[in-house]
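Since the structure comes first, as structure tokens, the remarks are kept for the end.
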Amino acid sequence: MTTPSSLLSTSALTPPIGIVLDADDGGVGKTHTAVQFITAFRLAGYPLDLFQLDSKRTLAEKSGESVTSLLVPDRHDVNADAVTGADVLAPWYRAATAMPETGRSCLLEVGGALSPVYHEAITDFDLEEDIDLLGLGIVTVIVTKAGGDAASQLVRVVRRTERNLPGSPIIVARNEMVGSPITAAAELDKGLRKQVLDVFDRYPSIRLPRLNPRTMVLYERLPVLPSTVVGWHADNYAEALRQTGKPRDEAKRFVRDVAAWTGTIQEELTRVMPFLAGESVDA
């Protein structure tokens, strides 16, 4: 697989930047990916404001951070028909376009089926014009997993993003929760397989390795960042024992599993965004 020329555009990014986590369906790992970005920005010392286009508020629950929820009105609301996607996304849009003045990056997680709402809004805002005129760095991270449905959704979201934000870089997050999306592409029909492999050839991607299922079940119950879990070894695992309620051997295994998992992902993030490791864009 060749190195995509678009990798250069992500490697040259410097904060503040806007990160949009997008997918056409839920359950692909957008929230876990968002948490890893939060961790990376915190470790690098860069401020990051959080937004979620979803009614579930899972990002706030999982990260323990303050998140601005952008809620689409229920269809039974008498005023729902008068509310546009631009109305819903306005708080995020204002934060994103103010980044050159505030110096604060922002992250938006787009919930499952709400991807069309987001794209309607950025078209109404003409965000592409703002990117050009204001020099905004907006990166779309499209999260996918193995499987035919996920592959079709990946292609669809990539095309939608290319059409609506042609001047912005795309990164694909390959969630290996049910296997490698690249390896699984071999089982797709010829037409879809070609389209999916073309996406991976043209755009940089990051690998999200599978976390031990027992560890994942326990981790999902705790509203803490991975970096917090990793730090639990410092007091001889006393906090791990308290937080997990598990015996010492299981608590230690939990911390070590999370450390290995998040360590791999942080390396992947700094590979495509070197500033997260404190590296100069000229390095």
Side-chain angles (χ1 to χ4, degrees), residues 7 9-23 26 28-54 56-70 92 95-96 99 102-112 115 118 136-145 157 161 165 168-177 203-209 211 216 219-220 222-230 258-259 261-279:
L7 181 58
S9 62
T10 62
S11 295
L13 286 167
T14 56
I17 65 169
I19 300 167
V20 179
L21 291 166
D22 198 2
V28 295
K30 290 189 301 297
T31 299
H32 285 305
T33 307
V35 165
Q36 294 292 345
F37 271 106
I38 295 169
T39 297
F41 272 76
R42 172 175 285 186
L43 291 174
Y46 295 115
L48 182 66
D49 296 326
L50 306 176
F51 298 82
Q52 185 170 39
L53 178 59
D54 203 340
K56 297 180 180 179
R57 306 178 192 272
T58 52
L59 182 55
E61 293 171 2
K62 181 61 232 158
S63 67
E65 303 284 302
S66 175
V67 179
T68 299
S69 292
L70 308 173
W92 167 79
M99 288 190 299
T102 65
R104 299 182 65 86
S105 298
C106 60
L107 179 148
L108 170 66
E109 180 188 339
V110 180
S115 181
Y118 160 74
L136 303 179
I138 303 290
V139 182
T140 302
V141 180
I142 303 174
V143 186
T144 190
K145 63 180 180 181
V157 177
T161 304
L165 291 176
S168 295
I170 292 174
I171 296 172
V172 180
R174 300 177 279 118
N175 192 339
E176 297 183 348
M177 59 193 294
Y203 294 110
S205 65
I206 57 175
R207 172 177 170 258
L208 310 178
L211 182 60
M216 178 60 83
Y219 168 72
E220 287 184 330
L222 302 174
V224 293
L225 294 174
S227 54
T228 300
V229 175
V230 174
V258 172
W261 175 64
T262 199
T264 296
I265 298 173
Q266 293 302 309
E267 288 177 1
E268 291 282 287
L269 291 179
T270 56
R271 176 175 57 81
V272 295
M273 294 183 182
F275 73 83
L276 290 172
E279 296 180 15

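Here the structure is a predicted model, which is why all the values come from computation and not from measurement.
- Arg57 CZ: 12 or fewer foreign heavy atoms inside a 6.0 Å radius.
- Using modelled atom types, one finds no donor on one side chain facing an acceptor on the other under 3.5 Å when comparing Gln266 with Ser227.
- Across every non-hydrogen atom of Glu268 and Ser205, the tightest pair is OE1-O, 4.2 Å.
- Two residues are said to be in side-chain contact when any heavy atoms from C-beta on lie closer than 4.5 Å; Val35 and Tyr219 meet this criterion.
- When side chains are defined from C-beta on, Pro209 counts as touching Ile265, because their heavy atoms get closer than 4.5 Å.
- A side chain to side chain contact (heavy atoms under 4.5 Å, CB included) with Leu108 is found for one member of Leu21, Ile19, Leu70 and no other, namely Leu70.
- The shortest side-chain heavy-atom distance between Arg271 and Ile206 falls under the 4.5 Å cut-off.
- For the residue pair Met99 and Leu136, the shortest heavy atom distance occurs at CE-CD2, 4.4 Å.
- The structure places OG1 of Thr10 at 5.0 Å from CD1 of Ile171, a figure rounded to the nearest 0.5 Å.
- Here the straight-line distance linking atom NE2 of His32 with atom OG1 of Thr262 works out to 11.5 Å at 0.5 Å rounding.
- Remark: Tyr118 OH to Thr161 OG1 distance equals 6.5 Å, nearest 0.5 Å.
- Side-chain contact between Ile17 and Met273: present, with at least one pair of heavy atoms (C-beta onward) separated by less than 4.5 Å.
- Of all heavy-atom pairs spanning Leu13 and Gly137, the tightest one is CD2-CA, 4.5 Å.
- Under the 4.5 Å side-chain criterion, counting only non-hydrogen atoms from C-beta, Glu61 is not in contact with Thr31.
- A pairwise comparison of heavy atoms in Val28 and Ala23 identifies CG2-CB, 3.8 Å as the closest pair.
- Atom OG1 of Thr140 and atom CG of Asp22 lie 7.0 Å apart (nearest 0.5 Å).
- Counting heavy atoms from C-beta outward, Ser66 and Leu50 have side chains that stay 4.5 Å or more apart.
- The shortest distance between side-chain heavy atoms of Thr68 and Asp49 does not fall below 4.5 Å.
- Using a 4.5 Å heavy-atom threshold, the side chains of Val141 and Phe37 count as touching.
- Here Glu65 pairs with Arg42 in a salt bridge; the nearest charged N to carboxylate O distance falls below 4.0 Å.
- In this structure, the side chain of Lys62 engages the main chain of Leu222 through a donor-acceptor pair within 3.5 Å.
- Separating the CG atom in Leu211 from the OG1 atom in Thr264 is a distance of 10.5 Å, to the nearest 0.5 Å.
- Across every non-hydrogen atom of Pro15 and Ser105, the tightest pair is CB-OG, 4.0 Å.
- Distance check, rounded to the nearest 0.5 Å: CD1 of Ile38 to OG1 of Thr33 gives 11.0 Å.
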